Amino acid sequence: MQREAFFDLLERTPSALWVVTSNQRLARSIAHEFDIRQVKRSLGVWETPQVLPFGAFVAKLYDAAQHDPDLTGLCAPLTPAQERALWESVVADGELAVLSFTATANLASNAWRLAHQWDIASRVRRYTAGADTRAFVAWATEYQRRVDAIGAVDPAQLPDIVRGLICSGAVSVPPMIVLAGFDEATAQQQQLIDALIARGTSCERFEPKQHAAPALRAQCHDEHDENFRMADWVAARLGENSNARIGVVVPDLQMRRRSLASALDATLTPDRLLAPSGVRPYTISLGGSLAEIPLVAFSLRAVRVVVGDVSFDEVSALVRSPYLAGADAERDLRDRLDADLRRRCERVVSFDGLLDAVERSARDCRIDAPRLLHCLHSLRDWRRTETAVSRRPSEWSGAIARVLRSITSYGAGDRALDSAEFQSLARWQELLAEFAGLDRVVGRLAAAGALAQLERLARETIFQPEGGTPAVQVLGILEANSLDFDHLWIMGLTADAWPPPARPHALLPIELQRAAEMPGASAAIELKRARQLLQRWMAAAPEVVISHAGHEGDRALASSPLIAALDIYSPVPHAPRLIDALGASTLTSDLDSVAPQWISSALRGGATVLKDQAACPFRAFAIHRLNARAIDAAHDGLDHSERGQLVHDVLAQFWRAMPAPTRDALAATSFEQRRELLNAAARGALARLGRRRSAPTAALAALETARLVRIVEHWLQYELKHRSDFRVVAVEEARTVQIGPLAFTGRPDRIDETSDGARVVIDYKTGGPVSGAWLDQRPDEPQLPLYLAALEPDAKAIAFARVRAGDFCLSGLAATPELLPGQNRNWEKSFPDWQALVDHWSVVLDRLATAFADGDAAVNPKRRPQTCRYCNLPTLCRINERGATIDVDDGVAMARDD
Ligand code: SF4
């Protein structure tokens with residue numbers, strides 16, 4: 001039946017005529033076109049025609065039979081979730097050891113469905129030579145037994161059951177049906193259609209419009225180029241006619257979904273970056289996994305966090321989720337809390353650990369997010385009351401719905417969902433109902449088992465929110481069947497991809513598959529299908545372009561031989577994208593590297609301010625005035641910075657605990673006495689660290705204590721061996737440092753005094769190599785010169801004390817050689833005496849302090865790329881946009897902060 005005659009008939013007899021389509025999209029497309037025709041006829045209301053995909057048509061006939069009072073014993077069919085769960089239980093309970101129950105169950109269920117669709121199910125049992133087929137037969141037998149045992153109907157057999165009802169006259173049949181898109185009808189579909197005809201149903205076939213214009217071939221450089229050429233073409237056709245019906249057919253759509261969306265977004269909605277919620281003028285079929293839809297991902301995550309340990313990324317996503325009640329009101333607090341939790345938590349977090357860390361953040365850092373805490377308490381209460389016992393799926397479904405209502409922003413009424421979110425919520429609720437329906441096939445489940453089932457269901461459910469009927473449809477190969485377009489682009493037809501290679505089903509006998517001409521059964525079948533599909537596509541629009549990539553990485557690709565003879569397509573001009581618009585506009589350059597004058601008196605950061613100012617003025621400005629920091633990453637155990645802090649802490653505690661903090665007293669202490677002092681200092685240091693982040697486990701604490709005691713003991717031995725008489729006169733003593741216009745608190749690690757009264761300022765180093773660039777105008781490590789010039793101007797030496805396993809030494813500068821082992825005397829080449837050096841430092845540091853206070857914020861790293869290598873600010877300073885990136889490996893060892 002031709003298109004116009006079909007719609008005329010549908011308009012005249014909408015209730016008497018049933019339209020049965022091969023897929024959902026075709027049903028939707030016919031219904032949509034019917035509606036448009038009624039609007040054009042100026043009708044205000046009209047009768048909705050019966051346009052159903054084949055599965056829904058069969059279900060409708062069966063449903064009518066079930067509700068017929070004269071028919072008894074018709075059981076309810078299994079839902080897809082029940083069917084999947086039953087197959088999984090069959091495979092799991094079987095004798096065969098398999099790597100994945102879920103994947104094997106999917107494979108077996110798919111084989112079962114195909115065997116029925118192509119009418120080979122009854123013959124498969126005879127082919128027992130292959131181990132795979134034998135395994136399938138065993139699973140299928142057990143599956144059938146379980147379906148019968150629970151009094152259900154297997155969905156794969158439903159068309160056969162309905163056919164039986166039709167043949168026996170038990171069910172009434174529609175007077176007329178029109179079949180649309182059944183060019184590849186399965187044996188099962190054909191038998192049912194034949195049964196309808198035998199019962200007197202008048203059966204017509206919908207003939208899509210045939211266009212005769214020759215198709216063109218576009219050879220693109222690679223897949224990326226192909227995506228963008230297609231997008232340019234779509235933009236050009238939409239530009240000519242915004243109502244044009246444009247189709248894009250992609251054989252491997254699932255794989256290319258993201259890259260296609262990205263090309264179409266960049267070309268059709270270049271302002272999407274600025275207005276991400278705008279409506280897209282295209283739709284991509286198939287959809288993604290329901291589990292990845294943000295609202296559903298949040299719901300699953302909330303349950304996951306409660307039921308077992310999760311990665312910190314999950315915790316972070318939960319805390320920052322807009323779906324957690326109070327998200328808008330506490331957004332800033334939750335961002336700060338997330339940053340704080342990264343310092344407190346390990347990479348895997350328990351729910352109790354999370355709650356403890358959040359409460360400690362509130363207590364110690366005053367990051368108080370009461371609504372978030374309330375949500376966590378609700379989850380904790382739910383865990384106590386609901387998750388301790390095994391329950392039936394329906395009970396879990398209700399319990400999960402209840403707890404989500406109590407913690408979600410939409411449940412609390414403080415967030416209105418948009419259309420896509422609303423559809424996602426509806427689908428999630430349907431999923432919970434499907435999960436509840438598992439009562440029929442699954443027994444009681446523990447919390448982890450219930451969550452695993454629910455997650456699997458969500459993962460395997462394909463979902464895409466509906467957004468009207470946009471002009472551009474991106475489709476898989478079978479969905480374009482019988483659709484009519486104004487313009488059609490078919491992608492990815494390389495020689496490798498088209499015709500598709502034969503892929504017979506692994507669990508079904510190949511002889512049966514070939515005999516039934518099942519898709520994928522042989523290369524000849526695939527070639528025939530590929531030719532037929534191509535022919536249909538080429539007649540589906542007045543303009544058809546078929547494209548393929550010429551390269552995949554370094555590999556050259558040829559076009560499919562089925563399209564090699566087509567004329568070459570002339571590309572349309574590039575559609576303007578956002579980047580082009582930016583490039584075309586006149587850019588003005590306004591370099592402003594001067595920040596406002598520093599007026600605050602208190603400055604945090606101590607000597608690091610001058611260190612950063614010397615390294616790069618912008619770094620100092622960003623860190624100490626804008627508070628720009630890289631976000632921490634949760635880590636297990638202790639990181640290098642925490643280990644360094646512990647060494648500092650143990651050394652400080654040790655010297656404070658010494659009755660007389662001198663070299664002589666140190667030499668006089670026995671090994672056991674030192675051990676005792678060091679053990680106590682290490683335990684104290686770990687306890688203090690445990691108050692800032694999750695406390696180390698007992699085993700880790702014992703290991704770390706032993707490490708700290710060993711390292712510090714070695715360091716003390718070094719001091720005894722290499723240094724003459726000294727007294728420790730200050731340990732991490734907070735002092736106010738005034739340098740130029742800046743005042744801040746300095747805390748030298750240690751100040752010693754020798755027997756003749758000379759003072760030595762010492763800084764412990766536990767990290768990587770230390771730069772000794774102290775003498776130039778931008779010193780790498782200005783803290784020691786600073787303490788010397790501003791706090792201890794009479795001191796005669798400065799030194800870094802390297803305290804690292806297997807690496808113990810002092811390195812620094814001293815007025816006289818005997819003051820310090822390992823000192824560098826280079827300074828004497830540039831300065832006549834020690835005082836001249838101290839004066840030089842005063843001038844240099846004063847200049848740095850003044851530059852910081854005056855707002856010098858130039859992006860001016862001291863040495864590039866070395867200075868930038870361990871800096872976290874390149875996205876803020878945009879240094880990489882000024883030339884070479886900072887990732888050049890020049891082999892230069894860099895200093896790291898401890
Ligand atoms: S990345 Fe380099 S240029 Fe940028 S702020 Fe850091 S040190 Fe300065």
Side-chain angles (χ1 to χ4, degrees), residues 335 339 342-343 582 587-600 603-633 635 639-641 644 739-742 744 763 765-786 800 841 844-898:
D335 287 346
R342 286 163 189 272
R343 289 188 281 272
L582 288 176
L587 293 180
T588 54
S589 176
D590 187 5
L591 275 182
D592 180 3
S593 59
V594 181
Q597 187 77 20
W598 175 258
I599 46 172
S600 170
L603 179 59
R604 298 179 63 187
T608 327
V609 176
L610 298 189
K611 179 174 172 168
D612 289 333
Q613 186 73 24
C616 172
F618 183 82
R619 184 199 285 185
F621 167 71
I623 294 177
H624 303 286
R625 295 180 70 167
L626 299 184
N627 262 326
R629 297 273 192 291
I631 199 151
D632 288 300
H635 58 271
D639 66 11
H640 74 91
S641 153
I739 189 81
L742 300 182
F744 46 78
D763 203 36
K765 284 284 171 191
T766 58
V770 176
S771 165
W774 271 323
L775 304 182
D776 64 19
Q777 298 295 318
R778 296 172 75 174
D780 288 340
E781 302 282 354
Q783 64 269 44
L784 283 174
L786 173 69
F800 283 125
W841 279 334
V844 165
L845 296 170
D846 191 289
R847 192 182 302 133
L848 286 172
T850 304
F852 178 84
D854 286 350
D856 176 7
V859 178
N860 180 17
K862 180 180 173 184
R863 282 185 300 268
R864 193 176 163 205
Q866 296 94 318
T867 307
C868 301
R869 176 160 303 147
Y870 296 114
C871 179
N872 295 310
L873 301 167
T875 44
L876 191 59
C877 70
R878 302 172 74 184
I879 184 77
N880 288 340
E881 289 162 40
R882 297 178 176 215
T885 66
I886 60 171
D887 293 328
V888 181
D889 182 7
D890 59 359
V892 177
M894 290 300 297
R896 271 176 182 262
D897 279 351
D898 285 329

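Just so you know, ligand 1 is whichever comes first in the structure, and atom 1 is the first atom listed for that ligand. Since the model is a prediction, treat every value here as computed from it, not as a measurement. Excluded from the calculations below are hydrogen atoms, water molecules and symmetry mates; all remaining heavy atoms, backbone and side chain alike, are included.
For Leu876 against Ala622, the heavy-atom pair with the smallest separation is CD2-CB, 3.9 Å.
Side chains of Gln866 and Arg864 form no contact here, defined as non-hydrogen atoms less than 4.5 Å apart.
The distance from ligand 1 to the heavy atoms of Val859 drops below 4.0 Å at these ligand atoms: 3 (S). Residue-ligand proximity, Cys616 to ligand 1, at heavy-atom distances under 4.0 Å covers atoms 3 (S), 5 (S), 7 (S), 8 (Fe). Within ligand 1, the atoms closer than 4.0 Å to a non-hydrogen atom of Phe618 are 5 (S), numbered from 1 in the order shown. The Cys871 neighbourhood of ligand 1 comprises atoms 1 (S), 5 (S), 6 (Fe), 7 (S), with distances under 4.0 Å to a heavy atom of that residue.
Annotation: Arg629, atom CZ; neighbour count of heavy atoms from other residues, nucleotides and ligands within 6.0 Å is above 12.
Coordination check, Cys877 versus atom 4 (Fe) of ligand 1: passed, since an N/O/S atom of the residue sits under 2.8 Å.
Of the heavy atoms in Cys868, both backbone and side-chain atoms come closer than 4.0 Å to ligand 1.
Ring geometry for Phe852 versus Trp598: interplanar angle of 30 to 60°, hence tilted.
Checked for salt-bridge contact, Arg863 and Asp780 meet the test: a charged N lies under 4.0 Å from a carboxylate O.
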